[in-house]
Amino acid sequence: MNTNHAQFPPFKSDLIKHFGYLSFHLNLINTDLIGIRLVASGEIIVITYRANRKTGFIYEGEKLNSQQVFHVYCDVPDTFNELEIYENQCNQEKQRIEVLAPPRDQYVFINETEIRKTKIKRLASTIINQK
C-alpha cells in the first residue's frame with residue numbers, strides 16, 4: 001500500500017516531545033487508526049479498524065458536514081486488507097484520496113510488568129528528587 005507518513009498520524013517521538021508521556025484507553029487496544037485524506041479539501045477522516053474489521057470513524061475538521069463524513073466512512077472498505085485496492089480504485093483517473101497509515105515501528109506492545117516498572121522507576125525518581 002502506498003501510504004504517506006506526513007503530519008498524520010503523529011510519530012511516537014513527536015507525541016512524547018509534546019505531551020511528555022503517552023496515554024491510551026484500554027478500549028482502544030488493538031485498534032488501528034487509518035487516516036483518509038481527501039485531496040480536494042485536505043480534510044482527514046480517521047477510520048478505526050479492529051481485527052481487520054471497520055468499526056468507526058473520527059472527524060475533527062470543520063469543512064465537511066456529517067453526511068459527507070459518513071459517505072466517506074461508508075465508501076471505505078469494511079476490512080483493513082482491502083485498503084490498497086480501494087486506494088488504487090479511487091485514484092485511477094486522478095488522485096482523490098491518500099491513505100495515511102502509521103509506520104509499523106510506531107506500534108508499542110505493553111504488558112503489566114512494563115507498566116509497573118515504569119511506575120516504580122518514576123516513583124523512585126520522584127522520591128529521590130524530593131530529598
Side-chain angles (χ1 to χ4, degrees):
M1 182 178 348
N2 181 20
T3 58
N4 296 305
H5 308 296
Q7 297 167 346
F8 178 91
F11 289 96
K12 278 189 299 189
S13 58
D14 295 336
L15 290 170
I16 291 170
K17 185 187 297 181
H18 184 75
F19 294 107
Y21 59 89
L22 300 177
S23 66
F24 61 93
H25 193 282
L26 292 177
N27 286 338
L28 294 177
I29 286 179
N30 297 328
T31 300
D32 289 302
L33 305 175
I34 306 299
I36 304 295
R37 184 193 315 264
L38 306 178
V39 173
S41 67
E43 293 293 281
I44 298 172
I45 296 104
V46 177
I47 308 297
T48 61
Y49 287 91
R50 185 182 302 231
N52 195 37
R53 201 178 104 244
K54 181 170 66 172
T55 56
F57 66 91
I58 301 167
Y59 175 66
E60 298 178 313
E62 297 176 357
K63 294 180 184 176
L64 305 177
N65 64 39
S66 57
Q67 288 178 322
Q68 291 169 314
V69 174
F70 190 66
H71 176 75
V72 171
Y73 172 75
C74 291
D75 194 46
V76 171
D78 290 334
T79 63
F80 181 89
N81 292 341
E82 297 172 353
L83 278 172
E84 185 173 1
I85 295 167
Y86 169 73
E87 183 177 31
N88 291 336
Q89 288 173 343
C90 287
N91 296 330
Q92 282 181 348
E93 295 173 22
K94 73 174 198 174
Q95 187 173 16
R96 294 177 39 222
I97 67 158
E98 291 178 279
V99 174
L100 307 173
R104 288 294 174 205
D105 66 349
Q106 295 298 298
Y107 287 86
V108 177
F109 296 91
I110 300 172
N111 64 38
E112 286 187 41
T113 305
E114 291 179 40
I115 293 171
R116 281 194 212 113
K117 284 181 184 176
T118 302
K119 285 183 180 178
I120 290 169
K121 285 180 186 175
R122 284 189 185 153
L123 180 60
S125 174
T126 302
I127 292 169
I128 291 169
N129 290 333
Q130 288 177 351
K131 291 183 178 182

Counting N and O atoms only, with roles assigned by atom type, does the side chain of N81 sit under 3.5 Å from a partner on the main chain of N52, one being a donor and the other an acceptor? no

Within the distance-only criterion (no hydrogens, no angle test), does the side chain of Q68 pair as donor or acceptor with the backbone N or O of N65 below 3.5 angstrom? yes

For S41, check side-chain hydrogen bond (donor to acceptor under 3.5 Å, both in side chains) against everything at least two apart and list the hits. none

What's the separation between atom CD1 in I47 and atom CG in D32, rounded to the nearest 0.5 Å? 12.5 Å

Does any non-hydrogen side-chain atom of R50 lie less than 4.5 Å from one of T31? yes

Would you indicate whether the side-chain heavy atoms of E87 and L83 approach each other to under 4.5 Å? no

Quick one: pull up CD in E60 and CD in E43 and give me the separation to the nearest 0.5 Å. 11.0 Å

In Å and rounded to the nearest 0.5 Å, what is the OH to CD1 distance from Y59 to I44? 10.0 Å

Looking at V72, I97, V76, which hits side-chain contact (heavy atoms from CB on, under 4.5 Å) with I45? V72

List the atom of T79, the atom of Y49, and the distance in Å for their closest heavy-atom pair. C-CE2, 3.5 Å

Would you call the rings of F57 and Y73 parallel, tilted or perpendicular, taking 30° and 60° as the class edges? tilted

Could you state the interatomic distance from CD1 (I36) to CG (L38), rounded to the nearest 0.5 Å? 8.5 Å

Pairs meeting criterion salt bridge (Lys or Arg N to Asp or Glu O under 4.0 Å) with involvement of residues 73-82, two or more places apart: K54-D78

Would I34 and V39 show up in the same hydrophobic cluster when neighbours are defined by side-chain heavy atoms closer than 4.5 Å? no

